[in-house]
Amino acid sequence: MRKKIVAGNWKMNNDLDASIELVHDIILNIENLALDNTRVIVAPTFVNLHVVNEITAHSRVEVAAQNMHQATSGAFTGEISAPMLNNININTVILGHSERRTYFGETDEKLALKVATAIAHDLDVLFCFGEQLEDRKTNNHFKVVETQIKNALFHIQPSDFGLITLAYEPVWAIGTGETASPEQAQEMHAFIRGLIKNHFGNEIAENTSILYGGSVKPANAKEIFSKPDVDGGLIGGAALKADDFVAIVKAF
Ligand code: PEP
């Protein structure tokens with residue numbers, strides 16, 4: 001059975017004290033919840049990964065990195081490698097977030113390399129993709145998503161696909177307060193599962209978690225998560241407040 005996942009992307013927010021306080025609050029508030037088959041993940045900035053990971057060691061909360069370089073070491077000033085994440089016991093990395101694509105020039109081709117490196121280092125990948133508003137207005141959203149997935153993920157060996165979680169994040173809904181309707185999310189998630197099924201087979205498609213991201217809040221989480229092909233959420237703004245994030249976890 002595929003996992004339900006709620007992942008909080010803290011982006012470039014929260015200094016050390018704020019990160020410690022936030023993760024403590026989340027741990028405290030979810031420890032008594034019945035979270036069968038549900039993963040709760042937080043993604044702090046690189047400088048706070050290690051300490052947040054130590055704090056979560058005996059809890060239900062997992063910690064992910066927000067990015068990673070495709071090379072394993074070398075002259076790449078400012079970058080972080082997969083072995084470095086392995087070394088501090090980080091097991092998950094977010095790749096392909098739209099902010100990385102838009103502001104840091106991450107292409108599908110570069111992301112394919114990053115995905116391959118992450119897999120080679122046994123890291124779970126939370127792979128993000130999604131169309132721009134213009135793509136949706138011109139009815140190109142399915143084509144865009146298909147191309148992003150094919151380019152970055154279809155090189156993966158089927159036996160490795162268990163490391164992949166997909167996160168559909170329409171760019172027009174990220175940080176804007178605009179959310180895809182539950183029906184729009186379901187329609188796209190079903191399409192994505194169909195793509196995975198055609199290429200990797202039914203079993204892999206059925207076992208792949210597909211998260212929705214884009215202005216998920218306590219008020220809309222339940223309805224979005226109720227859709228059959230929506231297996232959870234990647235949360236930005238609402239992940240910065242323990243109460244909101246925990247309310248979204250409870251929406252399951
Ligand atoms: C995100 O950045 O992945 C995201 C979904 O942000 P927000 O929830 O703020 O739209």
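The residues of the chain are indexed from 1 along the displayed sequence. We count ligands from 1, going down the list as the structure has it; atoms in each ligand are counted the same way.
- Considering both main-chain and side-chain atoms, I174 never comes within under 3.5 Å of ligand 1 through any nitrogen or oxygen pair.
- Closest to atom 3 (O) of ligand 1 among all protein heavy atoms lies E169 OE2, 2.7 Å.
- When atom types are taken as modelled, the side chain of R101 and the backbone of G96 share a donor-acceptor pair closer than 3.5 angstrom.
- Between G237 and ligand 1, at least one pair of N/O atoms sits closer than 3.5 Å.
- With respect to V63, the side-chain contact (heavy atoms from CB on, under 4.5 Å) criterion is satisfied by exactly one of L85, N89, N53: N53.
- Close approach of ligand 1 to G175 (heavy-atom distance below 4.0 Å) involves ligand atoms 7 (P), 9 (O), 10 (O).
- In this model, a donor atom of one side chain and an acceptor atom of the other lie less than 3.5 Å apart for D229 and Q186.
- With hydrogens and angles ignored, the 3.5 Å screen pairs a side-chain donor or acceptor of N13 with a backbone N or O of W10.
- No side-chain donor-acceptor contact under 3.5 Å links H121 to the backbone of N86.
- Proximity of G233 to ligand 1 is not established, as no heavy-atom distance is less than 4.0 Å.
- For atom 4 (C) of ligand 1, the nearest protein heavy atom (residue, atom name, distance) is G236 N, 3.6 Å.
- Under 4.0 Å is where a charged nitrogen must lie from a carboxylate oxygen, and between E206 and R2 at least one such pair does.
- Remark: ligand 1 and H97 share an N or O pair separated by less than 3.5 Å (distance only, no angle test).
- The contact set between ligand 1 and S215, taken as ligand atoms under 4.0 Å from a residue heavy atom, comprises 7 (P), 8 (O), 10 (O).
- In the vicinity of G214, heavy-atom distances shorter than 4.0 Å reach the ligand 1 atoms 5 (C), 10 (O).
- At a heavy-atom cutoff of 4.0 Å, ligand 1 is contacted by no atom of S98, backbone or side chain.
- Near A173, meaning under 4.0 Å from any of its heavy atoms, are these atoms of ligand 1: 10 (O).
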Can you give me every donor-acceptor pair (side chain of residues 237-250, partner residue at least two apart or in another chain, under 3.5 Å) with its distance?
none

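- For the residue pair A180 and Y212, the shortest heavy atom distance occurs at N-OH, 3.0 Å.
- For atom 2 (O) of ligand 1, the closest non-hydrogen atom of the protein is K11 NZ, 2.4 Å.
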